[in-house]
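Encoded as structure tokens, the structure appears first; notes follow it.
Any value given below was found using the heavy atoms of this structure, including those in side chains, with hydrogens, waters and symmetry copies removed. When a ligand or atom number is given, it counts from 1 through the structure's own listing order.
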Amino acid sequence: MKKMLMASLALLLAGQAFAADPISQRQQVFKQYKTTVGAMGKMVKGDTPYDKEAFAKLASQLEQLSQQPWQYFPAGSDAGKTGARPEIWSKPADWQKVIDNHKAATAKLKQVAQTGDLDAIRKQFAETNQTCKACHKDFRKD
Ligand code: HEC
């Protein structure tokens, strides 16, 4: 019993340490971005067969992911092992704009994915990727 208590206490503390670190939280979300976008890219390119349902599910996941990272950029979280540039905090309006563009693009991709029109999907997928790149160019260290 005591052992179990200690084990759950350790887990709880580990969870808190993780929760207290916004840098690893946002990097965690971006890793999911990579997996999701990677799977979509393969279908769009034809490396894996296009599957309307599967693609629509991924598009929906991406739209959910697009809501998440931004809450993990509190002021002062530009120190340590992070690719975040200080411009995130010194140019908040520009930062918000690239976030909004990105959210709009993923929302549209989610809609287009429902149609199964692969040409339109390809186009909107490319547009969405552009919004990742646009943000990385100005706000992420290489
Ligand atoms: C509004 C800005 C913005 C948008 C949009 C954005 N990113 Fe990023 N991304 C960042 C920043 C800032 C970092 C650095 C985070 C850090 O290290 O603290 C990052 C980091 C990453 C990383 C590295 C995570 C790691 O392991 O350190 C990947 C992969 C990534 N982004 C993929 C994507 C993909 C794919 C998209 C589009 C679907 C995207 N990002 C959209 C700002 C953005």
Below 4.0 Å, non-hydrogen atoms only: which portion of Val37 touches ligand 1? Side chain, backbone, both or neither.
side chain
With side chain to side chain contact (heavy atoms under 4.5 Å, CB included) as the test, would you mind laying out the steps for Trp89 and Trp95 before giving the verdict?
CA-CA 8 Å; Trp89 297 276; Trp95 169 245; over 6 Å; no
Shortest protein heavy-atom distance from [atom], along with the residue and atom involved:
| atom | value |
| --- | --- |
| atom 24 (C) of ligand 1 | Phe30 CB, 3.7 Å |
| atom 22 (C) of ligand 1 | Arg140 NH1, 3.3 Å |
| atom 5 (C) of ligand 1 | His102 CG, 3.4 Å |
| atom 2 (C) of ligand 1 | Cys135 SG, 1.8 Å |
| atom 16 (C) of ligand 1 | Thr82 OG1, 3.2 Å |
| atom 38 (C) of ligand 1 | Cys132 SG, 2.7 Å |
| atom 34 (C) of ligand 1 | Tyr33 CD2, 3.3 Å |
| atom 27 (O) of ligand 1 | Gln27 CG, 3.5 Å |

Should you measure from each heavy atom of [X], which atoms of ligand 1 turn up under 4.0 Å away?
| X | result |
| --- | --- |
| Lys31 | 26 (O) |
| Val98 | 1 (C) |
| Thr131 | 5 (C) |
| Phe73 | 12 (C) |
| Phe139 | 12 (C) |

Could you check Val37 against Asn129 for side chain to side chain contact (heavy atoms under 4.5 Å, CB included), going step by step and ending with a plain yes or no?
CA-CA 9 Å; Val37 169; Asn129 274 331; 3.6 Å; yes
I want to know if ligand 1 touches [X] in the polar sense, i.e. an N/O pair below 3.5 angstrom.
| X | result |
| --- | --- |
| Gly83 | yes |
| Arg26 | yes |
| Trp70 | no |
| His136 | yes |
| Lys81 | no |

Given the rule in the side chain to side chain contact (heavy atoms under 4.5 Å, CB included) test, do Phe139 and Asp94 qualify, once you have shown the distances and angles that lead to the verdict?
CA-CA 10 Å; Phe139 295 102; Asp94 293 350; 3.9 Å; yes
Heavy atoms only: give me the nearest [X]-[Y] pair and the separation to one decimal.
| X | Y | value |
| --- | --- | --- |
| Met43 | Asp51 | SD-N, 3.5 Å |
| Ile88 | Ala84 | CD1-CB, 3.6 Å |
| Leu58 | Met40 | CB-CG, 3.6 Å |
| Cys132 | His102 | SG-CE1, 4.2 Å |
| Lys81 | Ile23 | O-CG2, 3.4 Å |

Take atom NZ of Lys108 as the centre, draw a 6.0 Å sphere, and report whether it contains more than 12 heavy atoms from other residues, nucleotides or ligands.
no
N/O donor-acceptor pair under 3.5 Å between Thr115 side chain and Gln111 backbone:
no
Could you walk me through whether Arg140 and Phe30 pass the side chain to side chain contact (heavy atoms under 4.5 Å, CB included) check?
CA-CA 12 Å; Arg140 190 177 77 167; Phe30 286 126; over 6 Å; no
Taking the non-hydrogen atoms of Ile88, is any one of them nearer than 4.0 angstrom to ligand 1?
yes
Would you compute the distance between atom NZ of Lys103 and atom CG of Leu65 and round it to the nearest 0.5 angstrom?
12.5 Å
